[in-house]
Every structure is written in structure tokens, then in C-alpha cells.
Asker: 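The structure under discussion is supplied below as C-alpha cells; questions concerning it will follow.
Keep in mind the model is a prediction, meaning the values are calculated, not measured.
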Amino acid sequence: MDLEYQLIIPEFVMAGLAVLVIAAALAFRNVDQKWFGYATAAALAVIAVVTAVAYWNTNDDFGGVLAVDHFTVLFRVFFLGIAFFTVMAAVQFAGDRLKNHAEFYGLIVFATLGMMLLAASRELLTAYLSLELLSFSFYILVGFNKLNPFSNEGSLKYMLLGAFSSALMLYGISLIYGVTGTTTYSAIGPDVVEGTRNIAGQLASFAGGSGGVDPDGARPGLLIGLVLITAGLGFKVSAVPFHQWTPDAYQGAPLPITAFLSAGGKAAAFAFFLRLFSEAFLPAAAEWVWFVGILAAVTMIVGNLMALQQTNFKRLMAYSSISQVGYLLVGIVALDAANITQSQDAASALVLHLIGYVTTNIAVFAAIIAFYNRTGRDDIVDLRGLAERQPFLAFAIAAALFSLAGMPLFAGFATKFIIFQAAFNNGFLWLGAIGVTASFVSLYYYLMVIKQMYLYEPEGSDRARFHVSRPLAGALVVLVAGVLFIGLYPTPLFDVIHSSTEGLFEQAAALSAAVVGG
Amino acid sequence: MDAGEALLLLLLIPGAAMLLTILVPSRHADVVRWIALVATTATLIDSIWIFAVYDFAEGGYQFNLQYPWIENIAFLGENGISLHLAVDGIAAPMVLLNGLVGFAGVLVSWKITHRVKDFFILFMALFTGVYGVYIGQDLFFWFFAYELAVLPMYLLIVIWGSTNKEYGAMKLTMVLVGGSVLIFIGIFAVFAEAGAGTFDMAVLREIEFGRGFANTFFPFFMIGCGILAGLFPFHTWSPDGHVAAPTAVSMLHAGVLMKLGAFGIIRLGMEILPAGTDFWMPVLLVLGGVAAVYGAISAIHQTDLKFVIGYSSVSHMGFVLMGLGTMNNIGVNGAVLQMFSHGVMTALFFAMVGGLYDQAHTRDIRVFGGLVRKMPLFVIFFGIAGLTSLGLPGLSGFVAEFHIFVGTIDTFPLFAALGILSAALTAIYVLRLMGRAALGPFNPRWENLKDLTRWEIAAAIVLIAPIIAMGIWPDPFIDRIAPTVAELPKIDQIGGLFTLSSLTGR
């Protein structure tokens, strides 16, 4: 087999970069630690640009294990971007409050590598390993502030539940392998068609009372495996009821890691989710769509209702991100086995919302990091009078929160509009209606934060105006501009996304043609 | 008429003013004010031009302008989402109204000194959003503008408001956005049902939606938009919001924003889902009638000037909804006239109350008396607004309400009686207010009051001119509104188009 190894050079470079950053700390002991951060950020930016330019029109599937297609490249660049902004936002924070900076940045690079591989995986074990690389990096990063008991608690909870969810997922994978005899998406797909047809046939024969059970036919193992994998993924993306670790991990983690976790971790899990469900499980959509639908609805409702009572900003953002997962799951529900065009629309809508959400969330966290650098506080009431002390930060936070609530001018409005419309077009009126109502509820708690910043005068001993460090301010400007741009003119981004999701459904299209034909 | 760029300017000028204001350092408050004044002057001129040039002999939608925004991708077909602007005979007076009230709003905001820059940025966002709703012809952008008009209210009230402002602002925002949730769902449903792959209203209007579908989703638009128009029983946000809001925001809010609701019922409900009107419009008429009486009775009981006007707005918007509910040409005509008339009148009311409150720091009617001795101009202007409100012939309120009552008598005589009763109730609270605060024995506590500032006088004149113009010569308005109304689907034709014009000396 002639494999084009040059296509996964970015992944190799990332692995090398991670090791290099960590090793460099041993060699350059007297260098100001912040340069490790800026060097990492610069390297990430270069890799992102090169990947975007050089790899867009490449395609290879590495024997069904990894795919380097538009989807992979889009997500590579996306993850590199997330890592870049996280590092930019983290430099001052790490300098003030963390030790072992090089390891910190190295682990971020490792986590990013895991994300990139995850988006490219087309084989269950490869995906699992990538997910573990990502998760292990995060377990350490969440507990990186090792003198802080919250950080330790969050890390421990995250690790225990993460291990549990990995076990669930592995068990699901083993069931799928047992039933289908393969772990590659491309081979599972046709088998799923066969399997579901048999389940349906069996149910029909039960209903008919003939009692004739075809011993080779029904494969409940497939369905159970599917449920287990969904549950495992539910943990990773923190969908209700698998969300319990999220608030603690978010609160305990150092702020830049909270940002990275809420942006990168979610985006990677959704890239995996989307590729798995559209390439391998799409033909069985009728079997899973109802429970993913319920998962989405419950996640939107519970996430938003829990967020209403939070007083800590990080916990608020944790629940807010849970509710955003609900909106993203709507995109999965809108996948339709019988209608490939609709499926691709839904997948594109999901990715668009994902990018909008991630940009917005990093913007919020970058602004909060800047605030935290100055004050060391992260309760919602601590934001009082921020509009007087630092109007730009207050504006950035307000804009980003309005975007999360789905208000016009900002990314959230356009992307939610498109993702909910995808659900409506697939007949999920109730789910879209819950989504719209849930995002209306979310406006309340976002407004409570905005009120603190704009309504009240600054309190406490430190009321002076303050400056934000230049690199962080620059990153923040770019992020807020991105939020506005996606909100006002998502067309170019949507075009790119739409062309990148095309590859996900080639197989399903061929299969459904075959089914219709046969 | 093909000069759609004039419509685009309505969005670009305040948008550019907003950006420009962001760039001005906040210590140059006067520069910020002048930018706002120049921008609103320009939009006012543009609005007048659009109103004047709208070709009523031709009718229909004019000034069409369409730029594709996202098309031929995913579920979107040709012109899937486009920036499509146009005005018809109903939108033209509304555009003029927004121009007038926005301009006057800047004038009375001249004396704001706290965070001037932020104020005008948000003011311009609100102003742009309102224009966007009146001229938008694409559901995506229509809804975009609708939310944009509602959203800045929260910050405007919370930062610059008074009297229980946190409560009022949150209540207003949550109730209004709650209404827009319904609209949002309705828009999605209409798009999915139409299957045309476009949010362009011009296309959706041509599609005949089934009766069952229309009956199900008409109330999403009727209630969703109706909430913003003070539809009973969802009106309670309105007085609280009015009282809490700063003067200029109350003006825009009662003067223009509430009209967006009634306008939305016409645009989304009556035009896109006409099959639902048979069942739902009588409901709207009943609710409007209840609001008219209930608002008037509530206003009688209030002691805070702004609460009086707030409830009077609910009452007057009840007339608008009644007029729409008649579904005949005269009633709907009257509703649109009332939207304009009430818009300028109530803006004048709030401008005057603001002028008083800024000096007296109270709005309690009971403590005032004999203000005419100190503030003669205030009393004159306030009196004109009051007389318009109670429907004095020769002023705009009479023309509008007369149409509504004529329309209602034809279909629901009982409710016409109810409406006339509430007009009588209006006379009670307006005259009581005038008698108590403006005339009556002078309260020496107010020895130091000064009359209105020149900015306020200018604002008042800008608002009074159309009140009188429409009162004595309503033809320019009716000429534009009536043919458009007559072309709405499912409108009963009772009598000739210009029934009232003949009465008012045409």
C-alpha cells in the first residue's frame, strides 16, 4: 500500500514541538519563562498557516485509519487556532500563578495533537487513542495548579469520570467489533445497514407473531454498542446527565485551561462525534436519533436552568457550555439517513455553530483572564463596575455573552439561526422550539453578568482603571472581531465548512443509493 | 420608484454614526452629540424624502433593493438570505415616524452628561434596528433588526434610567425577548413549510399556506409581535419599562418600538399567513378592545406622570390592535394612522415629562400645581399632546381613532362602543392631569422651575408639526396607506377608500 506520509507531517511536527518545548526548559534555565509561551504560540501559528495553505487540496485515507480530507484540514487549523489563542491568553497568567511553564505549554500542544488526530480518525481504536491522548493531557492540565485544592479536586473528578467514560466507550467499541468484525468506519457503515434492516425485520416478525427468529439477523449488540459509545461521548462533551464533572473541573482548572477545555475539548469531541455518526452510524439513524434527541433536549434545559443559580463566573460558564452542547447535539439529531443533502446541511450547521461558539467562548475567557490577572477574583459580583475600570474588557465580555445568548450582530445569532433551521427542516419542530426557548432563558443569566459590569460602581479597595497586557489585548481584539464577523457575514466560513463536510457523506450517499437500488 | 439606495442610507447613516462615535474619545461629549444630531438630521431628511417620493398612484412595494447574503448553500436556495429592502404605503409613514422621533430624541438627550458616548452608541443601534424592521423584506434580517431594536433597551434603561430601573429593564427585556422566541419559531416553521429555500418575504407572500398550518402558527406571530405592541394580557412590561427608561428612550420606546409590534402583525401575520386571520383577528380585536378600556382605567388611577402615559400607551395601542382586528379597509387604515399619530404624540408626552422631571426630580401629579405660571411652553406642548390623546378634532388622534371606530362599527358594533368609551375615559385622565398639574393653585415649592430648554422646544416643534398636519390634512397619509391596505389579503372593502377624507374637507 502506498501511503502518503507527508500528509500527516503536521501531526509529527506537533509531537516534536511538544517534546521540544519541554526539553528546551531544561536547556534554557535562565530565559524568562514567558518566551516559551510566545515561542509555542508562534510555532502553532506557523503550523496553522502552513497546514491551511499546503494541505487543503489533499486527500488520502491511510487504509481507512486516518483521513486527511477537507474536514480534517479544517479542524486541524481550527484546533491550532484554539491552541494559539489559549497560549496567548495564558502567558501572563502562567507567569504570575503557575510553575513549570514549559510543561504547561508542552501539554497544551499534546492535547492539540490529540484533537487533530481525533478529527482525522476513521477507525474506532485510533479515535480512542487520540481521545485518550487528549484526555490525559487535560487531566494533568486541570490539576496543574497543584497547590490549589480546587484544582486537585477538579482534576481527580475529571480523571475518575473520564476513565469511567473511556471504559464505557471501549466496551461499546468491543461490542461493535464483535458484531461487525471491524473497527473502520468505512466497513461498519454497510454492516450497520444490514444490521438495522435485520432489527426491523425481527421486530416485524415479533409483531406478526410468527415467532420465526432469524439467528443471523438481529444484532442488538450493535445498538447496545452504539448507546455505550454515545454515553462515553456524552461524558466527553459533558451532555446531561453525564455532565457532573464539568463545573468542578472548570472551576478548579487554571483559567486558560478552562478556556481550552471548554473550547478545544468540546470541539474535538464533536469532530469525532460528527465523523463517527455520519460515516459509520448514519444508516442506523432511525435507531439513535430519538435518544440523541432526548439527550439534546435535556442538556439544553438542565444546562440553562442550572446556570441560573451560579455565583461563580467559571461555574456559570461551565453550565453555559453544557447548554451550548445541547444546541450542538441538535445538529447531530438533524442528520437524516434518507436525505444526504439534509444531513450535510445539518453537519455544516453544526460545525458553523461550533466555530462560532468556540470563538466566542475563548473571547469570554481571554477577557476574564485579563481581569483575573489584575484582581485574582472570579465571582460574578467581582465584575462590578468593570465598565468604569476597563471599558474594553467590559465591552468584550458583554459582546461575547450576547453572542452566546444568540443576539444579533454577534456570531451566536447567525449560527443558532442556521442550526435550529436545520432541525426544523428535518421535522424536529419540538427540539428547535426547546432550543429557542432555552436560549431565551440563557439571556437572563448573561444579562445578570452584564448588569454587574455596567450598572454598578466599582467596589472594594481596588477601583482604579487598569491596562491589559498588549499581546492579550491584541488576541482579544481579534477574537471579538471574529465574533462580529461570523455574526454579520458568515458566508465565506459557511462555504468552506460546507465543502469540508461533503466528504463525510460520500459513503452514506453510495450506500443509500445501493439500498434504494436493491 | 427605484432608488433603493435611499433605504440603505437609513441603515448606513446611523450605523456609520455608531462606528464614528466609538472612535471618538469619551471626553469629547459635544462631538458625540453633534455626530448624533447630524446623523439623525440626515436620516430625517432621507425619511421625509422617501415618504414624499413614494408613488401612491402606483402603490405596492417600492424602492426595492436586494443583495444576496448567503445563497445556494445548504438548505438555502437562490436569495436564501438576502438584504432585501423595500417600503410600501404602510411602511412609508412608519419610516417618517422613526425619523421624526429619533431626531427629537437626540435633541432632548442633549442634556445627558453621564457616559454620553455609550448612550449615543446604544441609541444609534436601537434607531438602526427600528429602521431595519420597517424596511426589511427578508425574515432573517427582519428578525435581526427586531432583536437589535429590543436589545439596547436593557443597557439604556439600566444605566441611564430611573425609578426601579433594574426591575423594569429586566422585565422589559425578558418579556420582549420571550415574545421574539415565538416569532423565531414561527419564522422557522414558515420557512420549513414553504420549502422555497428562501427567507425573502416577497417570495413567501406568494405562497399559499394551508389553513391548518396558518391557524397554528398565526398566533406565534400575533402574540410574539403583539407583546411588543402591548397586547393584553402581556402588556405589563410596558408601563414599568416606560417609567424606568430615560426620556429619549421612553420616546423611542413608546413612539416607535411599540409600533414594531403592530407592524409585525401586519407584515408577518396578515401578509404571510392570511389564512389564519379569519380565526385569530377577532381574538386580536377583543384583546385590543380590552386593552383600550383597561389601559384607560389604569391610567386614571396612576399618580406618576410616566405611569399615566405608559398606561395611556397601552390603551392607544389597544385601538391599533382593534383596528387591525376589524380586517376591513377603514379599520386597518385607522390602525396605521393611529400608529403614526400615537407615535409622535407619545414621544411629545415623554419629551415634556422628561423636561419637567429633570428639574423637579419627581413625577408625582399630586405635588404639582399651577405649572403654567412657571412653564407656559411646557403646558402648551403638553396640552397639545393631551388633546391629541383624547381625540380632539383637528389633531391627528381624531383622524386615526375615527377611522378605527368607523371600521369597528361595521364589524363589531359592541367593541366600537367599548372603544368610544375608552376615548371618553382618556378625556378624564388627560383633563384631570392638566387641571391638576398645569392649572390649579400654584404650589410655591416650584418657584425655581424654568421653562423648557431650547433643545426641548425644538424637539416639541418637530413632533407637533406632524400632529397638526395630519389633523387638518390627513390626505398625504391616507393616500399612501389606503391603497396598500386595500391590497392586503383578506381585507373587506367597506365604503370608498377615502371615506374620511371627504369628512375632513377634502
Asker: With only heavy atoms counted, which part of A/Asn426 is less than 4.5 Å from chain B, the side chain, the backbone, both or neither?
Answerer: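 Interface part for A/Asn426: neither.
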Asker: Would you confirm whether the ring centroid of A/Phe417 sits within less than 6.0 angstrom of the ring centroid of B/Phe143?
Answerer: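 No, too far apart.
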Asker: Say you draw a straight line from CE of B/Met170 to NZ of A/Lys451; how long is it, rounded to the nearest 0.5 Å?
Answerer: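 Spacing of CE (B/Met170) from NZ (A/Lys451) equals 5.5 Å.
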Asker: How long is the gap from CG on B/Leu155 to CG on A/Leu447, to the nearest 0.5 Å?
Answerer: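 Going from the CG atom of B/Leu155 to the CG atom of A/Leu447 covers 8.0 Å.
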Asker: What part of A/Phe395 lies closer than 4.5 angstrom to a heavy atom of chain B: side chain, backbone, both or neither?
Answerer: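 For A/Phe395, no heavy atom lies under 4.5 Å from chain B.
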Asker: When heavy-atom pairs shorter than 4.5 Å are enumerated against chain A, which of B/Tyr146, B/Phe144, B/Phe191, B/Phe188 gives the highest number?
Answerer: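 When all of B/Tyr146, B/Phe144, B/Phe191, B/Phe188 are compared, B/Phe188 has the most.
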Asker: For side chain to side chain contact (heavy atoms under 4.5 Å, CB included), just list the numbers for B/Ile185 and A/Phe424, CA-CA rounded to whole Å, side-chain angles, deciding distance to a tenth of an Å, and then say yes or no.
Answerer: CA-CA 9 Å; B/Ile185 295 173; A/Phe424 269 75; 4.0 Å; yes
Asker: Just verifying a value: how many Å separate A/Tyr444 OH and B/Thr173 OG1, rounded to the nearest 0.5 Å?
Answerer: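 One gets 11.0 Å once the value is rounded to the nearest 0.5 Å.
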Asker: About how many Å separate CG of B/Leu76 and CG of A/Asp345, when rounded to the nearest 0.5 Å?
Answerer: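 Spacing of CG (A/Asp345) from CG (B/Leu76) equals 8.0 Å.
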Asker: Spell out the residues in residues 385-393 of chain A that have some non-hydrogen atom less than 4.5 Å away from a non-hydrogen atom of chain B, in order of number; otherwise answer 'none'.
Answerer: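 The list, in residue order, reads A/Ala387, A/Glu388.
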Asker: Would you mind checking which part of B/Leu148 comes under 4.5 Å of any heavy atom in chain A, side chain (CB onward), backbone (N, CA, C, O), both or neither?
Answerer: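 Backbone plus side chain of B/Leu148, per the 4.5 Å heavy-atom cut-off to chain A.
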Asker: Side chain, backbone, both or neither: which part of A/Thr341 has an atom under 4.5 Å from a heavy atom of chain B?
Answerer: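 Neither part.
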Asker: Are the side chains of B/Phe140 and A/Pro408 in touch, meaning some heavy atoms are under 4.5 Å apart?
Answerer: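 They are not in contact (no side-chain heavy atoms under 4.5 Å apart), so the answer is no.
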Asker: Using side-chain heavy atoms (C-beta onward) and a distance below 4.5 Å, is B/Phe184 in contact with A/Phe440?
Answerer: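 B/Phe184 does not reach A/Phe440 side chain to side chain.
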Asker: Quick one, B/Glu71 and A/Thr491 - any side-chain contact, counting heavy atoms below 4.5 Å?
Answerer: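 Of all side-chain heavy-atom pairs linking A/Thr491 with B/Glu71, none is under 4.5 Å.
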Asker: Measuring heavy-atom distances to chain B, does A/Leu429 have an atom under 4.5 Å in its side chain, in its backbone, in both, or in neither?
Answerer: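 Side chain only.
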Asker: Checking heavy atoms, do the side chain of A/Leu488, its backbone, both or neither come under 4.5 Å from chain B?
Answerer: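 Both parts, heavy atoms under 4.5 Å.
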Asker: Side chain, backbone, both or neither: which part of A/Ala423 has a non-hydrogen atom closer than 4.5 Å to chain B?
Answerer: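 For A/Ala423, neither part sits under 4.5 Å from chain B.
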Asker: Could you report the tightest heavy-atom contact between A/Phe494 and B/Ile70, atom names first, then the distance?
Answerer: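 Scanning both residues completely, I find the closest heavy atoms to be CD2-CG2, 4.3 Å.
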Asker: With chain A as the partner chain, list the residues of residues 112-139 of chain B whose heavy atoms fall under 4.5 Å from it, by residue number, and write 'none' if nothing qualifies.
Answerer: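 B/His114, B/Arg115 fall under the 4.5 Å cut-off.
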Asker: Measure distances from A/Gln344 to the heavy atoms of chain B and classify the residue's part below 4.5 Å as side chain, backbone, both or neither.
Answerer: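 Looking at A/Gln344, nothing touches chain B.
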Asker: Could you tell me which portion of B/Leu151 (side chain, backbone, both or neither) has an atom closer than 4.5 angstrom to a non-hydrogen atom of chain A?
Answerer: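 Side chain only.
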Asker: Can you measure from CG (A/Leu443) to CE (B/Met174) and round to the nearest 0.5 angstrom?
Answerer: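 Atom-to-atom, A/Leu443:CG and B/Met174:CE are 5.0 Å apart.
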Asker: Which atoms of B/Phe141 are under 4.5 Å from chain A, going by heavy atoms: the side chain, the backbone, both sets, or neither?
Answerer: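 Neither the backbone nor the side chain of B/Phe141 comes within 4.5 Å of chain A.
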Asker: If you tally heavy-atom pairs under 4.5 Å against chain B, which of A/His498, A/Met448, A/Gln421 wins?
Answerer: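 So the answer, after comparing A/His498, A/Met448, A/Gln421, is A/Gln421.
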Asker: Looking at the rings of B/Tyr154 and A/Phe402, which for Trp means the six-membered one, are their centres under 6.0 Å apart?
Answerer: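 Not close enough - the centres of the two rings lie 6.0 Å or further apart.
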